[in-house]
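Values in this document were obtained by computation on a predicted structure and should not be read as measured data. Throughout, a chain's letter reflects where its sequence line sits, starting with A, and its residues are numbered from 1.
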2 protein chains.
Amino acid sequence: MTATKGDTRVRLLETALGLFTEHGVEGTSLQMIADALGVTKAAVYYHFKTKDEITEAVAEPAVAELSSILDRAEALRRHGAQVDYVLDGLVDLVVRNRVLVAVFCSDPGIARAVERSLHGEENVMTRLPAMLVGPDADDATRVAAHVALAGMAMAGGSPALVGMDDESLRRHLADAGRRLLGRPRRRDQALA
Amino acid sequence: MTATKGDTRVRLLETALGLFTEHGVEGTSLQMIADALGVTKAAVYYHFKTKDEITEAVAEPAVAELSSILDRAEALRRHGAQVDYVLDGLVDLVVRNRVLVAVFCSDPGIARAVERSLHGEENVMTRLPAMLVGPDADDATRVAAHVALAGMAMAGGSPALVGMDDESLRRHLADAGRRLLGRPRRRDQALA
DNA sequence: GTCTATACAACGATAGAC
DNA sequence: GTCTATCGTTGTATAGAC
């Protein structure tokens with residue numbers, strides 16, 4: 001740890017996320033990243049061939065986590081259990097990475113980069129709604145699933161809710177998702 | 001009607017919306033707009049001082065409509081009636097302008113332009129959630145309102161739902177919103 | 001392997017001629 | 001109202017120093 005050498009890539013990614021958060025992805029130039037790191041634009045270009053590659057790399061850990069949530073959910077037998085698992089996992093992911101998610105969802109640059117880059121055709125962005133609605137999908141369920149996904153993600157990153165503590169946000173987001181998808185309410189924390 | 005003169009501005013706006021839809025706002029350059037119109041970039045700059053001004057002008061009718069929905073809702077006395085009115089109005093607006101809404105919500109350029117431009121401090125983007133949660137807002141309601149707003153808007157513009165007919169989408173979006181905000185289900189079209 | 005220097009076409013934007 | 005010409009900056013790219 002504390003390796004001061006060879007981790008320019010890591011510092012770059014951290015710096016980039018900070019700048020993305022402040023100015024948005026398209027509002028952040030390679031020059032700004034380079035200046036913040038104290039190097040040249042070309043040095044940035046050495047580590048990543050393209051600006052898109054930077055946005056993908058920034059997004060990658062969260063998307064990989066989401067992907068593995070979907071994998072584990074697929075192993076469950078009952079559809080209801082799958083939905084519960086994905087809902088909880090997604091909410092947890094969103095709450096833990098509020099800032100990242102806000103950048104994600106509000107910027108087409110990242111959205112497209114993620115959509116394009118991830119595991120080929122069996123893409124996370126298509127697996128997610130598919131898993132939530134299940135094989136027996138009517139229109140109402142499909143719409144509800146899309147409202148739930150987009151809503152939970154964007155509400156989690158919303159500036160209006162930054163003041164809310166993680167536990168509250170997590171509980172209420174999960175609650176909203178379950179209500180939309182017709183899952184029963186949680187008993188354990190019902191009176192909180 | 002069919003005024004062939006002086007309406008370069010209108011043609012420009014229509015052209016811009018078309019290009020925005022196809023390539024996104026940031027993916028559309030002033031050059032592309034100019035070329036599509038058969039004029040120069042500088043000619044475009046005569047009609048709009050800035051690219052942001054174009055995106056604002058493209059978005060303006062829908063935002064004005066939304067603003068007037070909020071005005072009319074404020075005139076209602078019961079909070080439940082206000083929520084119902086805003087929900088219905090918003091869903092209708094979203095469904096009628098699916099394409100526009102998709103561009104809106106997926107592009108920070110437009111999002112910021114709209115946020116910045118509209119009626120000063122008493123901004124539509126802050127009035128909307130405020131009206132939905134009402135004065136007696138607990139955390140659960142606030143989260144639910146944000147999930148509902150973001151979800152309905154983005155789901156309405158989602159590519160996965162473009163095939164759905166307007167009536168179905170309208171009904172199911174409104175249904176999702178009412179469920180999230182604790183409003184009773186509609187009786188009239190309940191069996192559809 | 002890691003970086004600097006330099007270049008390039010395209011971008012948003014401006015000034016001024018017709 | 002539209003043009004040409006130009007500005008600074010962007011993303012991208014290559015050559016070459018260490």
Check your understanding: Glu53(A) side chain to Lys49(A) main-chain N or O, any donor-acceptor pair under 3.5 Å?
Key -> yes
Point to revise | Integer-rounded Å distance: dG12(C) P and Ile54(B) CD1 | key: 9 Å
Revision key, fill the gap. Residue pairs passing the salt bridge (Lys or Arg N to Asp or Glu O under 4.0 Å) test with at least one member in residues 94-105 of chain A, sequence neighbours excluded, are Glu65(A)-Arg96(A), Asp92(A)-Arg96(A), Arg98(A)-Asp166(A)
Review point. Which whole-number value in Å describes the distance from Phe48(A) CZ to dC3(C) P?
Key: 12 Å
Check your understanding: Can you tell me how far P of dA10(C) sits from NZ of Lys51(B), to the nearest Å?
Key -> 16 Å
Exercise for review: For Leu12(B) and dG1(D), give me the distance from atom CG to atom C1', rounded to whole Å.
Suggested key: 13 Å
Exercise for review: Rounded to the nearest angstrom, tell me the gap between atom OH in Tyr46(B) and atom P in dG1(D).
Suggested key: 4 Å
Could you write out each protein N or O paired with an N or O of nucleotides 13-18 of chain D at a distance under 3.5 Å?
| from | atom 1 | to | atom 2 | distance (Å) |
| --- | --- | --- | --- | --- |
| dA13(D) | OP2 | Tyr45(A) | OH | 2.9 |

Exercise for review: Look at the side chain of Thr40(B) and decide which nucleotide, out of dT4(D), dC3(C), dG12(C), has an atom nearest to it.
Suggested key: dT4(D)
Point to revise | Residue list, side-chain hydrogen bond (donor to acceptor under 3.5 Å, both in side chains) with Arg11(A), at least two apart or on another chain | key: none
Review point. Distance-only, no hydrogens or angles: does the Asp165(A) side chain make a donor-acceptor pair with backbone N or O of Ser168(A) under 3.5 Å?
Key: yes
**Study point:** Summary of side chain to side chain donor-acceptor pair (under 3.5 Å) pairs that have at least one residue in residues 28-41 of chain A, sequence neighbours excluded
**Key:** none
Review point. Is a side-chain donor or acceptor of Asp7(B) paired with a backbone partner of Val10(B) at a separation under 3.5 angstrom?
Key: no
Practice item. Return the residues of residues 28-36 of chain A meeting this criterion: a heavy atom under 4.0 Å from some atom of DNA chain C. Order them by number, or give none. Key: none
Check your understanding: With respect to the phosphate group of dC3(C), does any side-chain polar atom (N or O) of His47(A) fall under 4.0 Å of OP1 or OP2?
Key -> yes
Practice item. Go through the steps to decide whether Leu87(B) and Leu173(B) satisfy the test side-chain contact (heavy atoms from CB on, under 4.5 Å), and finish with yes or no. Key: CA-CA 9 Å; Leu87(B) 238 35; Leu173(B) 278 181; over 6 Å; no
**Study point:** Main-chain N/O of Phe48(B) paired to Arg9(B) side chain as donor or acceptor, under 3.5 Å
**Key:** no
Review point. Rounded to the nearest Å, what distance is computed from the CD atom of residue Glu26(A) to the C1' atom of nucleotide dC11(C)?
Key: 13 Å
Exercise for review: Please identify each residue that fulfils side chain to side chain contact (heavy atoms under 4.5 Å, CB included) with Asp136(B), with sequence neighbours left out.
Suggested key: none
